[in-house]
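Here the structure is laid out as structure tokens; the discussion comes afterwards.
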Amino acid sequence: CQSYFTKIDVGHWLKLARFFSSEIIEKIFLRVTQGITMQVLEQLLGILRAFSNIITLDQIASAQIKQLPFYFSRLPIDPAKKEFPASRVALDDLFWIENKSPQDEMWINRMAEILTGCTDRNYMNHILVPQLLAPTEITGLTNILLLNCRQYLQGRADNQPSPPDNWCRQMPSTNSYTKQWQQLKAFLESPDQRVFDFQKIQNERNEMEHAIINVVIDLKTETIKKGSPHTLRITKTQEAYNRKMKKWNADMELLKKIVEKIGE
């Protein structure tokens, strides 16, 4: 039922809604929202947006709109699988619907609570905040969301990353290439030594390079082809700090845009 529901485009749902009785349409909505998924919710929001523009279907839409906080609350949230409370498409329809059909304070607060309940940075920075910054009118819902997102980003802005105090680097947590990591242990733990020359035969150099490539660590390698055997030069970097600063700068830019949008 959900599969058919999502494969029928909104235009044809409008035709079906004119053909079926309101009771049948309501039963369809009841059926497809059992065990609701993001794909189903996106389709439902698109349909409700279309229904809201037609007087004869507005009553059906209104009843479903009141249920939206309940539907959103039942969506699975798993940042590891990149599943979040809403997609950009769903948010665009939701904000349009709420602007067209303003809801009461309880509905707005509950929806805002759900949409900001997941603070995964990918969701907040790349889905929710960009959609809120779209050139649209601020509504009761989007106003609360903007304030919540400003608070979230301010918290990140207040925690600017600091560069490492020295060149000591943590041993990676891995069960692979134990021999190679033991060879690098003293180098990694040294607060002053930044470069380690590993002059070994090619097979051993390859194993060492593979060990470094297979983990996330602030090390870079280059082969010095002078002398025999050649040397694998291992150099400590500040890539982890640079990545954190890149994210921090992006957070600061979004915070600035939110403040400009709110006008404070």
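Please read these numbers as outputs of a predicted model, since none were measured by experiment. All residue numbers refer to positions in the sequence shown, counting from 1.
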Restricting to non-hydrogen atoms, name the atom on [X] and the atom on [Y] that form the minimum distance, rounded to 0.1 Å.
X	Y	answer
N166	P191	CB-O, 3.5 Å
E137	T142	O-OG1, 4.1 Å
P164	Q238	CD-OE1, 2.7 Å
A86	M38	CA-CE, 3.2 Å
S3	T6	O-OG1, 3.0 Å

Charged N to carboxylate O under 4.0 angstrom, [X] versus [Y]?
X	Y	answer
K236	D218	no
K257	E260	no
E23	K27	no
K246	D251	no

Does [X] use its side chain to pair, donor to acceptor, with the backbone of [Y] at less than 3.5 Å?
X	Y	result
Q2	V32	yes
N249	M245	yes
Y71	L44	no
R205	L232	no
Q43	I8	yes
W167	S190	no
K100	S52	yes
R121	K247	yes
K261	A134	yes
W13	F5	yes

Between E113 and R110, is the salt bridge (charged side-chain N to carboxylate O under 4.0 Å, His left out) condition met? List the steps. CA-CA 5 Å; E113 179 186 5; R110 178 58 180 143; 3.2 Å; yes
Full working for side-chain contact (heavy atoms from CB on, under 4.5 Å) between F51 and D58: CA-CA 6 Å; F51 279 18; D58 185 59; over 6 Å; no
Enter the distance from [X]:[atom1] to [Y]:[atom2] here, rounded to the nearest 0.5 Å.
X	Y	atom1	atom2	answer
T223	H230	OG1	NE2	8.5 Å
I24	L16	CD1	CG	10.5 Å
L219	M208	CG	CE	10.0 Å
I234	F187	CD1	CZ	6.5 Å
L255	E253	CG	CD	9.5 Å
T33	I28	OG1	CD1	11.5 Å

Just checking Q151: does its CD atom have more than 12 heavy atoms from other residues, nucleotides or ligands closer to it than 6.0 angstrom?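 Atom CD in Q151 is not crowded, with 12 or fewer foreign heavy atoms closer than 6.0 Å.
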Please examine the side chains of [Y] and [X], heavy atoms only from C-beta on, and report whether any two atoms are closer than 4.5 Å.
X	Y	result
L45	F72	yes
W96	D93	no
R74	F70	yes
L132	C149	yes

Going through the checks in order, is the side-chain contact (heavy atoms from CB on, under 4.5 Å) test met by N99 and F95? CA-CA 6 Å; N99 186 37; F95 296 161; over 6 Å; no
Exercise: do S87 and E42 side chains pair donor with acceptor under 3.5 Å: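 Side chains of S87 and E42: pair found under 3.5 Å.
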For the pair M124 and D120, evaluate side-chain contact (heavy atoms from CB on, under 4.5 Å) and give the outcome as yes or no after the intermediate values. CA-CA 6 Å; M124 294 293 285; D120 178 88; over 6 Å; no
Can F84 and N122 be said to form a side-chain contact (heavy atoms from CB on, under 4.5 Å), step by step? CA-CA 9 Å; F84 307 107; N122 184 62; 3.5 Å; yes
Do you know which of L145, N143, I144 makes side chain to side chain contact (heavy atoms under 4.5 Å, CB included) with L141? L145
